[in-house]
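Structure first, then comments.
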Amino acid sequence: MSGLSEMIVDGTDADRLKERIAAELIAVRGRSLAYTDAEDDLLVRQHSPLMSPLVWDLAHVGNYEELWVLREAGGITPLRPEIDDLYDAFRHPRRDRPSLPILGPAEARRYIEGVRGRVLDVLDGFDPHDPDPLRRDGFVFGLVIQHEHQHDETMLATLQLSGEPGLVRDAELPPGRPGGPEEVFVPAGPFLMGTSTLPWAYDNERPAHPVDLPAYWIDRFPVGNAAYAAFVEDGGYDDPRWWSEEGVRWLRESRARAPLFWVRDGDAWWRTRFGRTEPVPMDEPVQHVCWYEAEAYARWAGRRLPTEAEWEKACGWDPAAGRARTYPWGDDDPGPGRANLGHRAARPAPLGAYPAGASAYGAEQMVGDVWEWTASHFLPYPGFRSFPYREYSEVFFGPGHRVLRGGSWAADPAAVRTTFRNWDLPIRRQIFSGFRCARSASPEES
């Protein structure tokens with residue numbers, strides 16, 4: 001099946017597009033309801049000051065849908081304008097949300113159900129060829145679908161922090177493939193970074209622009225648990241040679257000595273995953289590490305973190321065709337044989353599990369499994385224009401946030417592509433974050 005973005009670009013079958021959007025709306029709502037199918041006490045409790053109560057996220061996705069689809073795109077009279085302030089993510093930091101008079105679980109479910117019914121009415125009458133940029137190609141529906149998937153991933157991070165077992169489904173994943181080259185070569189030359197054509201891409205992914213890079217090597221896979229454990233056991237957290245000044249400060253304040261949720265028991269490492277303690281699988285990508293940890297490991301290994309331009313070229317550029325791919329393997333939708341996305345299982349897949357998902361340069365598992373920290377600050381591309389609102393991207397630009405790429409096992413394919421940019425503070429590690437390393441090619445290698 002062609003990718004959703006390609007189908008929208010074609011724009012030749014409005015009914016088929018509406019059916020696909022309706023299916024995506026149903027699928028994402030199913031995720032949200034599944035992650036909040038729990039006792040009310042768990043939903044209203046704040047499990048960490050880093051996260052909202054789950055019931056806040058549940059009502060927030062409905063309020064966002066009401067604001068953008070019903071009011072902005074559909075011109076419908078507000079349903080619950082009195083709750084807009086409560087679900088304004090920029091007005092109320094996460095740590096303060098438990099003190100707000102937010103909707104309870106039952107009322108939140110009724111509210112989002114009422115919003116969704118009206119959203120489907122708007123979808124039934126929308127014209128994908130409408131020249132308004134909010135409506136054209138169903139952009140506003142893509143906006144709310146991706147937004148809700150992003151909150152679903154946040155809900156999973158909250159459920160991990162809750163420590164409650166039995167709330168998150170798991171499943172089997174393909175086996176890994178040990179061996180083979182550890183890194184792949186990306187020759188020098190220009191490529192087109194970002195996009196000007198993918199209709200559901202966010203403003204921070206636009207516009208496409210040429211970037212000329214020198215030759216470099218990048219890891220074939222994300223850094224695995226075994227490799228990271230070697231760094232820990234070599235005293236990596238105690239050796240200031242590997243840490244920046246800011247990283248040393250973070251170490252002192254956090255007292256971290258291993259990835260989040262890892263504990264040492266005798267000669268073995270164990271982790272807590274969704275309320276259950278298990279041995280750390282050494283063949284999986286490391287996750288729950290912050291940017292400072294990734295930077296320190298890379299320095300210890302004699303490498304560095306890739307820039308986001310290096311990451312994107314290695315992931316999505318097709319040098320033979322001279323164009324960018326939607327996904328590393330091409331433009332077809334992700335399937336179970338290409339990437340670990342969409343919560344197929346509640347963990348990263350073993351290294352080497354998806355050879356069919358390799359990029360043109362041979363890099364594997366670049367989408368799915370773990371978000372990958374890059375060396376880059378979150379900055380606008382040349383020619384950036386804020387749309388549809390400044391608070392999605394523009395207010396976060398600057399040296400405070402680092403870019404992550406690729407999407408984790410908890411990210412949905414509807415919210416993942418080679419151009420997608422995630423960002424967070426360099427201290428964050430409750431997210432499903434990992435990394436891979438890179439190095440500049442020598443003159444002889446170039």
Side-chain angles (χ1 to χ4, degrees), residues 1-29 61 64-76 115-116 118-152 192-209 312 316 323-327 330-334 341-342 367 380-381 383-394 407 411-422:
M1 178 183 292
S2 298
L4 182 59
S5 295
E6 182 181 345
M7 187 169 69
I8 294 169
V9 170
D10 291 342
T12 58
D13 191 338
D15 289 338
R16 193 161 63 96
L17 174 56
K18 290 180 185 181
E19 289 172 3
R20 185 70 183 267
I21 291 173
E24 294 284 351
L25 287 166
I26 291 168
V28 71
R29 184 53 49 83
V61 298
Y64 189 90
E65 206 168 283
E66 182 189 347
L67 288 171
W68 287 103
V69 178
L70 300 189
R71 300 186 200 174
E72 293 294 329
I76 293 175
V115 170
R116 174 53 59 82
R118 291 167 175 82
V119 165
L120 293 174
D121 290 340
V122 172
L123 173 62
D124 186 58
F126 111 95
D127 176 5
H129 303 295
D130 190 316
D132 183 280
L134 190 63
R135 302 184 187 94
R136 188 171 57 240
D137 298 322
F139 175 85
V140 71
F141 297 103
L143 182 72
V144 301
I145 288 166
Q146 292 179 91
H147 173 264
E148 186 162 350
H149 276 303
Q150 289 159 4
H151 274 271
D152 288 340
L192 273 182
M193 186 172 183
T195 180
S196 296
T197 58
L198 291 176
W200 285 8
Y202 285 112
D203 56 4
N204 64 64
E205 301 171 62
R206 301 173 183 271
H209 57 286
E312 184 172 322
R323 70 172 189 90
R325 299 171 171 179
T326 307
Y327 305 104
D331 298 322
D332 290 343
D333 283 345
L341 288 165
V367 299
Y381 289 161
F384 167 85
R385 294 184 64 184
S386 179
F387 176 78
Y389 58 105
R390 292 184 62 249
E391 290 81 7
Y392 182 74
S393 301
E394 188 175 345
D412 189 83
V416 171
R417 49 196 165 265
T418 57
T419 59
F420 187 89
R421 307 172 76 196
N422 192 6

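- In this structure the side chain of Glu391 reaches within 4.5 angstrom of the side chain of Tyr389, judged on heavy atoms.
- The side-chain hydrogen bond (donor to acceptor under 3.5 Å, both in side chains) test applied to Asn422 returns no partner, not counting sequence neighbours.
- Under the ring-ring contact (aromatic ring centres under 6.0 Å, His included) criterion, His149 pairs with no residue, sequence neighbours left out.
- When the side-chain contact (heavy atoms from CB on, under 4.5 Å) test is applied to Leu67, the partners found at least two apart in sequence or on another chain are Asn63, Arg71, Asp84.
- Using cut-offs of 30° and 60° on the angle between ring planes, the pair His147 and Tyr64 is parallel.
- For Glu312, the salt bridge (Lys or Arg N to Asp or Glu O under 4.0 Å) test picks out Arg405, with sequence neighbours left out.
- Qualifying side-chain contact (heavy atoms from CB on, under 4.5 Å) partners for Ser386, counting only residues two or more places apart in sequence or in other chains: Asp203, Phe384, Arg390, Glu394.
- The two residues Glu24 and Ala414 have their closest heavy-atom pair at OE1-CB, 3.8 Å.
- In this structure, the salt bridge (Lys or Arg N to Asp or Glu O under 4.0 Å) partners of Asp132, at least two apart in sequence or on a different chain, are Arg135.
- Here the CZ-CZ distance, from Arg136 to Phe126, works out to 12.0 Å after rounding to the nearest 0.5 Å.
- Taking Tyr392 as the reference, nothing meets the side-chain hydrogen bond (donor to acceptor under 3.5 Å, both in side chains) condition, with sequence neighbours excluded.
- Residues satisfying the side-chain contact (heavy atoms from CB on, under 4.5 Å) criterion with Thr195, sequence neighbours excluded, are Thr197, Leu198, Ala201, Glu205, Thr419.
- Listed by chain and residue number, nothing satisfies the salt bridge (Lys or Arg N to Asp or Glu O under 4.0 Å) test with Glu72 (two or more places apart in sequence, or in another chain).
- Without hydrogens or angle criteria, His209 side chain to Met193 main chain gives a donor-acceptor distance under 3.5 Å.
- With sequence neighbours excluded, the residues satisfying side-chain contact (heavy atoms from CB on, under 4.5 Å) with Leu192 are Pro210, Trp317.
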Trace of the side chain to side chain contact (heavy atoms under 4.5 Å, CB included) decision for Thr418 with Thr326: CA-CA 6 Å; Thr418 57; Thr326 307; 5.7 Å; no
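- The closest donor-acceptor contact from the side chain of Asp13 to the backbone of Arg16 lies under 3.5 Å.
- A salt bridge links Arg20 to Asp333: one of the charged nitrogens lies within less than 4.0 Å of a carboxylate oxygen.
- Every residue meeting the salt bridge (Lys or Arg N to Asp or Glu O under 4.0 Å) condition with Glu65, not counting sequence neighbours, appears here in chain and number order: Arg29, Arg116.
- With hydrogens and angles ignored, the 3.5 Å screen pairs a side-chain donor or acceptor of Trp200 with a backbone N or O of Asp137.
- Considering CG of Leu120 and CZ of Phe141, their distance stands at 8.5 Å, rounded to 0.5 Å.
- The six-membered or imidazole ring of Trp68 lies away from that of Phe139, with a centre-to-centre distance of 6.0 Å or more.
- The minimum heavy-atom distance between Pro334 and Tyr327, with the atom names listed, is CD-CZ, 3.6 Å.
- The CD1 atom of Ile145 sits 9.5 Å away from atom CG of Asp412, with the distance rounded to the nearest 0.5 Å.
- Of all the heavy atoms in Leu134 and Pro388, the pair that sits closest is CD1-CB, 4.2 Å.
- Between Leu123 atom CG and Leu25 atom CG the span is 6.5 Å, to the nearest 0.5 Å.
- Ser196 contributes a side-chain N or O that, together with a main-chain N or O of Ala208, makes up a donor-acceptor pair within less than 3.5 Å.
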Full working for salt bridge (Lys or Arg N to Asp or Glu O under 4.0 Å) between Arg325 and Asp332: CA-CA 9 Å; Arg325 299 171 171 179; Asp332 290 343; over 6 Å; no
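- From Phe387, atom CZ reaches atom OG of Ser393 across 12.0 Å, with rounding to the nearest 0.5 Å.
- Residues passing the side-chain hydrogen bond (donor to acceptor under 3.5 Å, both in side chains) test with Arg206: none are found, sequence neighbours excluded.
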